[in-house]
Structure formats: structure tokens, C-alpha cells
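In each ligand, atom 1 is the first atom listed, and ligand 1 is the first ligand listed.
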Amino acid sequence: MGPARRVGIMGGTFDPIHLGHLVTAEQARADLGLDEVVFMPAGSPWQKTRTVTPPGHRYLMTVLATAANPAFSVSRLELDADGPTYTVETLRTVRKALPDDALYFITGADAILNILTWKDADECLELAAFVAATRPGHDLGGRDAQRPRERVPVLDVPARAIRSTAGRDRIAAGRAVSYLIPREVEEYVRKHGLYGTPARPPAAGALT
Ligand code: NAP
């Protein structure tokens, strides 16, 4: 049996994935000495009030964005599960598959502030080390008191100034998203008419 590995799990809705997520994952990999980072798009994020883009699109955009990095991969675990997405169930499955590895669950600090409302929060914190990624100038304000500090360190990501909301709004307004969203993902969005873009008709004579 080889030495225990350090595995990062990037939890998020990735709607759409953007360069800020990639910078966060790469910084976590370097800072925490991770052997790999597995992106885990949420299947049905039950605490969201807005409509989320269908799982198949979010999965493919995440694959396109991460394909070039040998340390990155994408899991369909949450996407293929029925019902609402609970991180505790994901971590139980990953822990069973990788019993000897050190697991790190990385996600946005805003999401982690609510961790105490998550299903089986204590078990979550036992199954993996949690890491809360912040953006520059991001003020958690008084809400930071809600973070179980000793158990969830903050990873400051200076280059993570981007938000999925801003990406969606810019795309819908027909504005440029170069340097915010990977080019492959932008092309995928336009091809499939996501986020309010007009879908591109297939080229004349295409066998699709
Ligand atoms: P969210 O509320 O959409 O995101 C909150 C903030 O965190 C946003 O600023 C978001 O930026 C940022 N963020 C999200 N994922 C990130 C990542 N991997 N790296 C850096 N920043 C990130 O959060 P969410 O996407 O719904 O949920 C985040 C994770 O928490 C998911 O894995 C979800 O399944 C889990 N969660 C679990 C439960 C539960 O088990 N009960 C409840 C809630 C959330 P962007 O919008 O730019 O991504």
C-alpha cells in the first residue's frame, strides 16, 4: 500500500465555472500539498432559490475548464445521485472509497458560513478538513462568527475576484467574459444558448 494521499474536493454549483474557481483549486493544491483536486459539481443544491443550469451542462463546462490540468478531475457523484445534494453523503462515499487518504473539502467562505445548517454538519467536519476560500476585499463581517474557526481555516485567494453571478450577468448582457471564464466554457455557453444567449444554429449540412 502506498503512502496516504492528500485529496482536495472542490464543492460548488459551478454555474458556470470560472477562472476564480480554477485559481482557488490551484492555490489550494499548492498551499495544502494536495496530490489531486476533484471538482464536485452539486447535483441539486437544495438551499438555492434560483433555477440552476441542468447538471449535464455544468458537468461538461467543468470538464472543459479542468481538462488541461493533470492534477484536476471532475466527479459525477453528486450529479448522478437522486434527490437533494448533501455534502455529508458525498464525503461518506469518498471516505469509503479512499479510506487512507487525507480529504480536504474546499468551497467558498460564504457557503461555509452556513455549514452549521447543513445536514449532519458535525459528521461533515469529521470526514474531511474544510477550507473556506475568500475573495480579495471580501468582508465576512459579523457573519464570520458563524464559522467554526478552529475547524475551518480560511484560504485567502488574492486572484479570485470573479463570481459566477457576474459571469452569468455579463453573458446575458452580451458583454465580454474573456479572462473571467475559460474560452472553451464561453464557447460551450454560446453553442448551447445558456444564460440568456441565443443558441447557435448548427452549421449548414452538419450531421447533428
Ligand atoms: P454558493 O452559495 O453558490 O456560493 C457561495 C459563495 O462561495 C459564492 O461566492 C461562490 O462563488 C463561492 N464558491 C462556491 N463554490 C466555490 C468553490 N469551490 N471555490 C471557491 N468559491 C466557491 O455555494 P454552493 O455552490 O451552493 O455550495 C458550495 C458547496 O457547499 C457545494 O459543494 C454544496 O453542495 C455545499 N453545500 C452543502 C450543503 C449541505 O450539505 N447541506 C448546503 C449548502 C451547500 P461563485 O458563485 O462564483 O461560485
Side-chain angles (χ1 to χ4, degrees), residues 7-29 31-32 34 37-53 55 58-59 61-62 65-66 72-81 83-94 103-128 130-141 143-144 146-147 152-171 177 180-182 185 195:
V7 177
I9 301 163
M10 265 298 265
T13 305
F14 304 123
D15 192 16
I17 188 162
H18 52 65
L19 294 174
H21 295 127
L22 300 172
V23 167
T24 300
E26 181 54 25
Q27 187 174 323
R29 191 198 61 72
D31 289 6
L32 302 170
L34 304 178
V37 179
V38 181
F39 285 69
M40 185 68 71
S44 176
W46 60 282
Q47 291 186 334
K48 285 244 175 298
T49 45
R50 68 175 174 83
T51 306
V52 171
T53 303
R58 290 185 291 109
Y59 172 73
M61 288 190 283
T62 309
T66 55
F72 292 174
S73 61
V74 188
S75 170
R76 291 196 58 96
L77 182 63
E78 292 189 351
L79 297 171
D80 290 341
T85 300
Y86 294 118
T87 299
V88 70
E89 289 171 6
T90 305
L91 293 177
R92 282 180 194 144
T93 305
V94 176
L103 303 181
Y104 294 81
F105 190 86
I106 307 147
T107 194
D110 284 332
I112 293 223
L113 285 180
N114 297 322
I115 194 169
L116 297 177
T117 69
W118 293 11
K119 184 176 176 219
D120 299 330
D122 277 330
E123 189 183 344
C124 282
L125 291 161
E126 276 159 26
L127 285 164
F130 273 63
V131 180
T134 61
R135 290 185 296 278
H138 185 61
D139 183 10
L140 294 174
R143 296 177 310 142
D144 195 35
Q146 298 158 34
R147 173 170 60 93
V152 186
V154 164
L155 178 75
D156 279 316
V157 187
R160 193 206 177 289
I162 308 163
R163 309 185 59 143
S164 295
T165 327
R168 288 194 299 273
D169 292 349
R170 289 181 73 93
I171 291 168
V177 287
L180 299 178
I181 289 174
V185 173
Y195 311 115

Identify, for atom 48 (O) of ligand 1, the protein heavy atom at the shortest distance, and state residue, atom and that distance.
-> His21 NE2, 2.7 Å

Heavy-atom donor-acceptor pair, Gln27 side chain to Asp156 backbone, under 3.5 Å = yes

To atom 6 (C) of ligand 1, the nearest of Asp110, Asp120, Thr117 on a heavy-atom basis is Asp110

Which residues satisfy the salt bridge (Lys or Arg N to Asp or Glu O under 4.0 Å) test with Glu26, sequence neighbours excluded?
-> Arg29

Which option, Phe130, Trp118, Phe39, Phe14, owns the non-hydrogen atom nearest atom 39 (C) of ligand 1?
-> Trp118

Hey, can you tell me if Trp118 and Phe105 have their rings parallel, tilted or perpendicular (30° and 60° cut-offs)?
-> perpendicular

Heavy-atom nearest neighbour in the protein, as seen from atom 4 (O) of ligand 1, with distance rounded to 0.1 Å = Ala111 CB, 4.4 Å

For the side chain to side chain contact (heavy atoms under 4.5 Å, CB included) test, which of Leu32, Ile112, Ile9 pairs with Val131?
-> Leu32

Quick look: Ile106 vs ligand 1, heavy-atom contacts under 4.0 Å, and the answer is backbone

Hey, does Ile115 have a side-chain heavy atom less than 4.5 Å from the side chain of Leu125?
-> yes

If you measure from atom 33 (C) of ligand 1 to every heavy atom of Val23, Thr87, Leu22, which option wins on shortest distance?
-> Thr87

For Ser164, the ligand 1 atoms with a heavy-atom partner under 4.0 Å come out as 45 (P), 46 (O), 47 (O), 48 (O)

Does ligand 1 have any atom sitting under 4.0 Å from a heavy atom of Glu89?
-> no

With side chains defined as the heavy atoms from C-beta onward, is the minimum distance between Tyr195 and Thr53 less than 4.5 Å?
-> yes

Return the residue, atom name and 0.1 Å-rounded distance of the protein heavy atom closest to atom 26 (O) of ligand 1.
-> Lys48 NZ, 2.9 Å

Where ligand 1 meets Met10 - atom numbers and elements under 4.0 angstrom, heavy-atom basis = 17 (C), 18 (N), 19 (N)

Note: Phe72 and Ala25 closest approach over all heavy atoms is CZ-CB, 3.7 Å

Between Val157 and Val23, is any pair of side-chain heavy atoms under 4.5 Å apart?
-> yes

Contact check, side chains of Leu19 and Pro182, non-hydrogen atoms, under 4.5 Å | yes

Heavy atoms only: give me the nearest Asp15-Arg168 pair and the separation to one decimal.
-> O-NH1, 2.5 Å

Looking at residues at least two apart in the chain, or sitting in another chain, which of them share a side chain to side chain donor-acceptor pair (under 3.5 Å) with Thr87?
-> none

Please identify which atoms of ligand 1 are closer than 4.0 Å to at least one heavy atom of Tyr86.
-> 40 (O), 41 (N)

Gly108 neighbourhood, listing ligand 1 atoms whose heavy-atom distance to it stays under 4.0 Å = 7 (O), 12 (C), 13 (N), 14 (C), 15 (N), 16 (C), 17 (C), 20 (C), 21 (N), 22 (C)

Can you find a pair of side-chain heavy atoms, one from Arg76 and one from Tyr59, that are under 4.5 Å apart?
-> yes

Among Ala133, Gly8, Gly11, Gly12, the residue with a heavy atom nearest to atom 18 (N) of ligand 1 is Gly11

The answer for which part of Met40 has a heavy atom under 4.0 Å from ligand 1 is neither

re atom 21 (N) of ligand 1, the protein heavy-atom contact at minimum distance is Arg160 NH2, 3.0 Å

At a 4.0 Å threshold, what atoms of ligand 1 neighbour a non-hydrogen atom of Thr13?
-> 24 (P), 25 (O), 26 (O)

The closest protein heavy-atom partner of atom 9 (O) of ligand 1 is Arg135 NH1, 3.0 Å

Against heavy atoms of Lys119, which atoms of ligand 1 measure under 4.0 Å?
-> 41 (N)

Of all heavy-atom pairs between Ser164 and His21, which one has the smallest distance, and what is that distance?
-> OG-CE1, 3.5 Å

Looking only at protein heavy atoms, which one is nearest to atom 29 (C) of ligand 1, and how far off is it?
-> Thr107 OG1, 3.4 Å

Under 3.5 Å, N or O to N or O, is Thr165 touching ligand 1 that way?
-> no

Under 4.0 Å from any heavy atom of Phe105, which atoms of ligand 1 are there?
-> 32 (O)

